[in-house]
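As structure tokens, the structure follows; a few thoughts come after it.
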Amino acid sequence: MEISSKYSPQDTEGKWYQHWLDKNYFHSTPDEREPYTIVIPPPNVTGVLHMGHMLNNTIQDVLVRRARMQGKNACWVPGTDHASIATEAKVVNRLAQQGIKKTDIGRDEFLKHAWDWTHEHGGIILKQLRRLGASCDWERTSFTMDETRSKSVIRVFCDLYNKGLIYRGVRMVNWDPAALTALSDEEVIYKEEHSKLFYLRYKVEGEDTYAIVATTRPETIMGDTAMCINPNDPKNEHLKGKKVIVPLVGRAIPVIEDEYVDIEFGTGCLKVTPAHDVNDYMLGEKYNLQSINIFNDDATISEAAGMYVGMDRDAVRKQIVKDLDAAGLLEKVEDYNNKVGYSERTHVAIEPKLSMQWFLKMEHLAEIALKPVLEGDIQFYPSKYVNLYRHWLENIKDWCISRQLWWGHQIPAYYLPEGGYVVAETAEEALKLAIEKTGKELTMADLQQESDCLDTWFSSWLWPLSLFDGILNPDNEEFKYYYPTNDLITGPDIIFFWVARMIMAGEEYQKEVPFKKVYFTGIVRDKLGRKMSKSLGNSPDPIELIDKYGADGVRVGMMLTAPAGNDLPFDEALCEQGRNFCNKMWNALRLVKGWNVDENIAQPETAKMAVKWFEERFQQVLQETNDNLDKYRLSDALMGIYKLVWDDFCSWYLEMVKAPMGQPLDTVTYNATVTFFENLMKILHPFMPFITEDIWHLLKDRNDGDDLIIAQQPAQKVVDNDILNQFLFTQDVINNIRKIRAEKNISMKESIELIVVDKDGSVNKEFDAVIMKLCNVSSVNYVTETPQDAFGFLVKATEYFIPVTDNIDTEAEIKKLEEELAYAQGFLKSVEAKLSNEKFVNGAPAAVVDKERKKKSDAEAKIKVIEQQLATLKK
RNA sequence: GGGAGCUUAGCUCAGUUGGUUUAGAGCACCUGCCUUACAAGCAGGGGGUCACUAGUUCGAAUCUAGUAGUUCCCACCA
């Protein structure tokens, strides 16, 4: 068979993915096996794959594939999220391009456009995941707005309302002037800004003096309804009981006193704008102040302001500063750093706004969600996030769940003609309730459904429950089988948005955790440490990367340096390393496939020892790998396998068993090699599914259905450490010979002799054949006296020599030995220092002391040998 | 302003309850090789006062305190 010297991912990846689909390997149905379930963190339905998804989904696929190969019934449920704000914004934009405003066409018509958009752009991301090799159960693909999920959301809303956990009220909320909706606290991102602190002159009524107020937002003076000072502030004593005149506006406002005001800040005078600042709002409530809303919903100035009407807030700030200055009412301007809240989605500055919203009480939910994490029923990897989680839950505020949007789950509250409302899952039930409540003969037309829809996270938080229909139909077989799920893989940035709330929902509705372990990935950053983002343009296109390096190559690149919770500075070189690794294995396959096997020849000694050793070495790494994977140390696990394949299998094992050029290989060795190769492919498959499946099939002819993806992981056995240690010793010998060859310019083609000083016959000779083969050694001679005219080296306390015909550079040899001696003596000294310390000998555990004694005797033996050699050379 | 984490080789990181040589890996780097599986490769090599300071201990990269730098989270100082 002709195999190209370069592995070509394009030729294999699509083929095997289709094969797996055809065989329905990804699909899961409940059976007697232990389930292993992961629900995907649903990406935005109209989103495209970015590097964060790549990392996240590679990890999930590794875990799912491994579980499948451990005999578990693996089920990875994919799906998408309707992403209320983001999607609605996109649809609004598209309509705007056609000159259409959403209010002109109405809710139903708008939703048609939104669904069109969803169908046009939706699901691309799921298609992209197939390129990555994601083994999702596609038959289970769900959407947060599909029928089951929508009904679940509405059921939960009604249930929480009936439990008294949902209420409606006027509160100061975070208003997004671009999306024209309220946001939850979690959706606001605070950024430090270099801004200005403006000192404004408020004339004291009836006097010719001024009170100076420092503010970062001069444009809000039209909404001022009081000035506040600290009653204990001596420098503003004279203002008590007075009124001051709002500059430009001319309105007289009272001076109130409250200890909330920081005496040290600015002048100690605070302008109070109850409609536009959370703290001012609280003051307004406390002192019964008037509240003037000077902004429209889009943050332009409203009629109520009386000035600058219709202008944008930013423009007004610039203008009003000029006007204040012109009127002599601007005392001074200082540079100032403050924090401004921005909308997570639209990136515009948030405006605190008083409005009627729906809220979910969090006290009870926080309590039930805290317990399983603190008690260890749910484990976080890394565990440092437990603190963060606890802190958030212990300081939680009620969740604003209503959004002034149409794309989402419409709140099932129905307003009655005479005021008040009822909450019900359907309009029919609402009508029934309404009639009961009012005692009047109402019709459907009398009811007006709440126009707000719910926060997207109000559907995501049910995801592990609703995917298996556990809200509507909690007794169903699938739900009982798959819930709770096993692992959740997500970013720490949505620990509050999503993780905590899923735990709340799971505990509230199932009295059980939604997942047992949470693996928090790092944030993918560029080489400069910046978060990858569309706006910075520093994120590579994952599909282009896959085209360039192959899915396996990219997966390796993602996994190699992604310990849980650490940021991942992404570098394409990592994918290149992955691609090179593919090629390495590919060429190992070429070698094995190129062998001629002769069943009549006996197994050579070298091959016999190689097989004996590799069996143990494989077992050793298998144990380490399993251990690492159980602890979610995926990069360590992969690196272990990487070295096992590259170094142990390719560089050592294959070189040992290789038949001389043109000669055939024996059957025993060949079969062992194929089995080893298969086992390597098994443990590597979760990380690199495509090339391993391909090699699996190229290694030998297989029956239909004998596919690697469903093969079982190799069994663990007890490791024979003696063989491993002997081989380590042998490797040391070989490396030393190679080093001498390199140093002395002895070509590999030139065979050499090896002399071993073995005074008492204790040197192990089992691997001599290996040494001879790998170092082109013609003979290994055992002697009892240190020879002369030879390059020597030491392994532990055993002396080895390579005799030379040329004159030996005695000076160089002496120098080398003296360096070795100095090191050994230094080492011995440190060991002796320990051992001569009575406190150490008495205080340290016996095993530790024994180890030190062994070190001492080894070092002494070595020193003795070196000294003898030096003596010989110096003769 | 409060809290948490981090600081080990040029880069990214391991280092499990303090004690398997005087600290490891991958990549990068340097030297020599197109050796008949692989130059996307082979063989060899160099490189670190474990941020700093003080302490605990027979013994500290590891524990404690402080200092510096850095990252993140939370918070109503205009």
Side-chain angles (χ1 to χ4, degrees), chain A residues 3 5-7 172 190 197 213-217 220 228 260-262 264-266 269-273 277-282 336 338-339 352 382 384-385 387-388 391-392 395 492-493 495-496 523 527 529 549 553 560-563 565-569 571 573-574 576-577 579-595 627 631 633 635-636 639-640 642-643 650-651 654-655 658 661-662 735 738-739 741-743 745 747-749 823-824 826-831 833-845 847-849 851-852 854-856 858-859:
Chain A
I3 308 178
S5 73
K6 299 271 189 286
Y7 169 65
M172 189 63 94
Y190 289 89
L197 194 57
V213 172
T215 179
T216 53
R217 300 203 62 188
T220 62
C228 191
Y260 160 75
V261 176
D262 181 353
E264 302 305 318
F265 188 90
C269 295
L270 173 73
K271 67 194 261 322
V272 183
T273 320
D277 184 280
V278 182
N279 302 300
D280 293 11
Y281 173 70
M282 293 191 303
Y336 185 68
N338 68 337
K339 290 205 171 169
K384 66 177 176 183
Y385 289 109
N387 276 337
L388 188 62
H391 184 263
W392 186 70
N395 295 282
D493 49 333
I495 185 168
F496 307 138
I523 309 251
K527 275 195 251 182
Y549 300 104
L560 271 184
T561 56
N566 277 23
D567 281 357
L568 168 60
D571 189 339
L574 297 168
E576 202 179 325
Q577 193 181 348
R579 180 200 61 182
N580 294 354
F581 186 40
C582 287
N583 211 43
K584 184 69 188 175
M585 287 189 286
W586 188 249
N587 279 289
L589 175 76
R590 284 178 69 210
L591 175 68
V592 174
K593 293 304 287 181
W595 282 341
D627 190 47
K631 291 177 184 154
R633 299 169 59 136
S635 48
D636 290 342
M639 184 45 73
Y642 177 91
K643 286 191 279 188
C650 293
S651 297
L654 289 178
E655 292 299 332
K658 227 180 199 175
M661 182 59 189
N735 288 337
R738 284 173 173 168
K739 194 172 165 183
R741 274 190 181 277
E743 278 170 4
N745 266 323
S747 155
M748 255 309 277
K749 284 169 190 154
Y823 179 90
F827 176 66
L828 179 64
K829 211 172 151 190
S830 77
V831 176
K834 274 190 200 175
L835 283 170
S836 63
N837 184 332
E838 269 182 52
K839 284 181 186 169
F840 170 72
V841 179
N842 298 330
V848 174
V849 177
K851 257 180 218 164
E852 292 301 317
K854 176 83 166 59
K855 282 190 210 167
K856 184 176 176 230
D858 284 353

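Lettering of chains follows the sequences in order, A, B, ..., and the numbering in each one begins at 1. All figures in this text were calculated on a predicted structure; none of them were measured in a lab.
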Look up atom [atom1] in [X] and atom [atom2] in [Y], then write down how far apart they are to the nearest 0.5 Å.
| X | Y | atom1 | atom2 | result |
| --- | --- | --- | --- | --- |
| A:Asn279 | A:Met172 | CG | CE | 9.0 Å |
| A:Lys631 | A:Asp636 | NZ | CG | 10.0 Å |
| A:Lys384 | A:Asn387 | NZ | CG | 11.0 Å |
| A:Asn580 | A:Tyr549 | CG | OH | 9.5 Å |
| A:Leu560 | A:Leu568 | CG | CG | 10.0 Å |
| A:Met585 | A:Tyr642 | CE | OH | 10.0 Å |

In whole Å, measure the gap between the [atom1] atoms of [N] and [M] for me.
| N | M | atom1 | value |
| --- | --- | --- | --- |
| B:C74 | B:C27 | C1' | 37 Å |
| B:A25 | B:G47 | P | 14 Å |
| B:G1 | B:A9 | C1' | 39 Å |
| B:C34 | B:A28 | C1' | 23 Å |
| B:A37 | B:G15 | P | 39 Å |
| B:G19 | B:U57 | C1' | 12 Å |
| B:A61 | B:C77 | P | 43 Å |
| B:C42 | B:C50 | P | 33 Å |

Take the protein atom [atom1] of [X] and the nucleotide atom [atom2] of [N], then report the distance between them rounded to whole Å.
| X | N | atom1 | atom2 | value |
| --- | --- | --- | --- | --- |
| A:Lys658 | B:C42 | NZ | P | 11 Å |
| A:Lys749 | B:C42 | NZ | P | 19 Å |
| A:Arg738 | B:C42 | CZ | C1' | 9 Å |
| A:Gln577 | B:U12 | CD | P | 15 Å |
| A:Leu560 | B:A14 | CG | C1' | 13 Å |
| A:Ile523 | B:G5 | CD1 | C1' | 14 Å |
| A:Arg579 | B:C27 | CZ | P | 14 Å |
| A:Lys384 | B:G3 | NZ | P | 18 Å |

To the side chain of [X], which of [options] is closest?
| X | options | answer |
| --- | --- | --- |
| A:Lys584 | B:U22, B:A37, B:C27 | B:A37 |
| A:Ala742 | B:A37, B:G44, B:A40 | B:G44 |
| A:Asn387 | B:A40, B:A4, B:A37 | B:A4 |
| A:Asn583 | B:A4, B:A25, B:C38 | B:C38 |
| A:Arg590 | B:C58, B:C38, B:G26 | B:C38 |
| A:Ser5 | B:G44, B:G5, B:C38 | B:C38 |
| A:Pro569 | B:C13, B:A25, B:G44 | B:C13 |
| A:Tyr642 | B:G26, B:A4, B:A40 | B:G26 |

Taking any heavy-atom pair under 4.0 Å as a contact, classify [X]: base, sugar-phosphate, or nothing.
| X | answer |
| --- | --- |
| A:Phe581 | nothing |
| A:Ser651 | sugar-phosphate |
| A:Cys228 | nothing |
| A:Arg633 | sugar-phosphate |
| A:Asp858 | nothing |
| A:Met639 | sugar-phosphate |
| A:Ala573 | nothing |

Residues two or more places apart in sequence or in another chain: which of them pass salt bridge (charged side-chain N to carboxylate O under 4.0 Å, His left out) with A:Lys739?
->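 Expected list: none.
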hbond_proxy A:Glu655 side chain to B:A43 base (donor-acceptor, 3.5 Å cutoff) =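 For A:Glu655, whose side chain was compared with the base of B:A43, there is no donor-acceptor pair (under 3.5 Å).
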Are the side chain of A:Asp277 and the backbone N or O of A:Thr273 linked by a donor-acceptor pair below 3.5 Å?
->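 Absent.
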Set out, line by line, the N/O atom pairs under 3.5 Å between protein and nucleotides 73-78 of chain B.
residue: B:A75; atom: N6; partner: A:Lys339; partner atom: NZ; Å: 2.8
residue: B:C76; atom: O2'; partner: A:Asn279; partner atom: OD1; Å: 3.4
residue: B:C76; atom: O2'; partner: A:Asn279; partner atom: ND2; Å: 2.5
residue: B:C76; atom: N1; partner: A:Asn279; partner atom: OD1; Å: 3.2
residue: B:C76; atom: O2; partner: A:Asn279; partner atom: OD1; Å: 2.9
residue: B:C77; atom: O2; partner: A:Asp262; partner atom: OD2; Å: 2.9
residue: B:C77; atom: N3; partner: A:Asp262; partner atom: OD2; Å: 2.6
residue: B:A78; atom: OP2; partner: A:Tyr336; partner atom: OH; Å: 2.4
residue: B:A78; atom: N6; partner: A:Asp262; partner atom: O; Å: 3.0
residue: B:A78; atom: N6; partner: A:Phe265; partner atom: O; Å: 3.1
residue: B:A78; atom: N1; partner: A:Asp262; partner atom: N; Å: 3.3

Complementary nucleotide of [N], counting Watson-Crick and G-U pairs under 3.5 Å:
| N | result |
| --- | --- |
| B:A61 | none |
| B:U56 | none |
| B:A39 | none |
| B:G10 | B:C27 |
| B:U16 | none |
| B:U67 | B:A51 |

Give a yes/no on whether any side-chain N or O of [X] is located under 4.0 angstrom from OP1 or OP2 of [N].
| X | N | answer |
| --- | --- | --- |
| A:Asn735 | B:G44 | yes |
| A:Lys855 | B:U20 | yes |
| A:Ser747 | B:G32 | no |

Taking it one step at a time, do A:Trp595 and A:Leu591 satisfy side chain to side chain contact (heavy atoms under 4.5 Å, CB included)?
-> CA-CA 7 Å; A:Trp595 282 341; A:Leu591 175 68; 3.8 Å; yes
Name the orientation class of the two ring planes belonging to A:Tyr336 and A:Phe265 (parallel below 30°, tilted from 30 to 60°, perpendicular beyond 60°).
->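 A:Tyr336 vs A:Phe265 ring planes: perpendicular.
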With RNA chain B as reference, determine whether A:Lys739 or A:Leu654 sits nearer its 5' end, using the nearest nucleotide of each.
-> A:Leu654
Between protein and nucleic acid, restricted to nucleotides 60-65 of chain B and to nitrogen or oxygen atoms under 3.5 Å apart, what atom pairs and distances do you find?
none

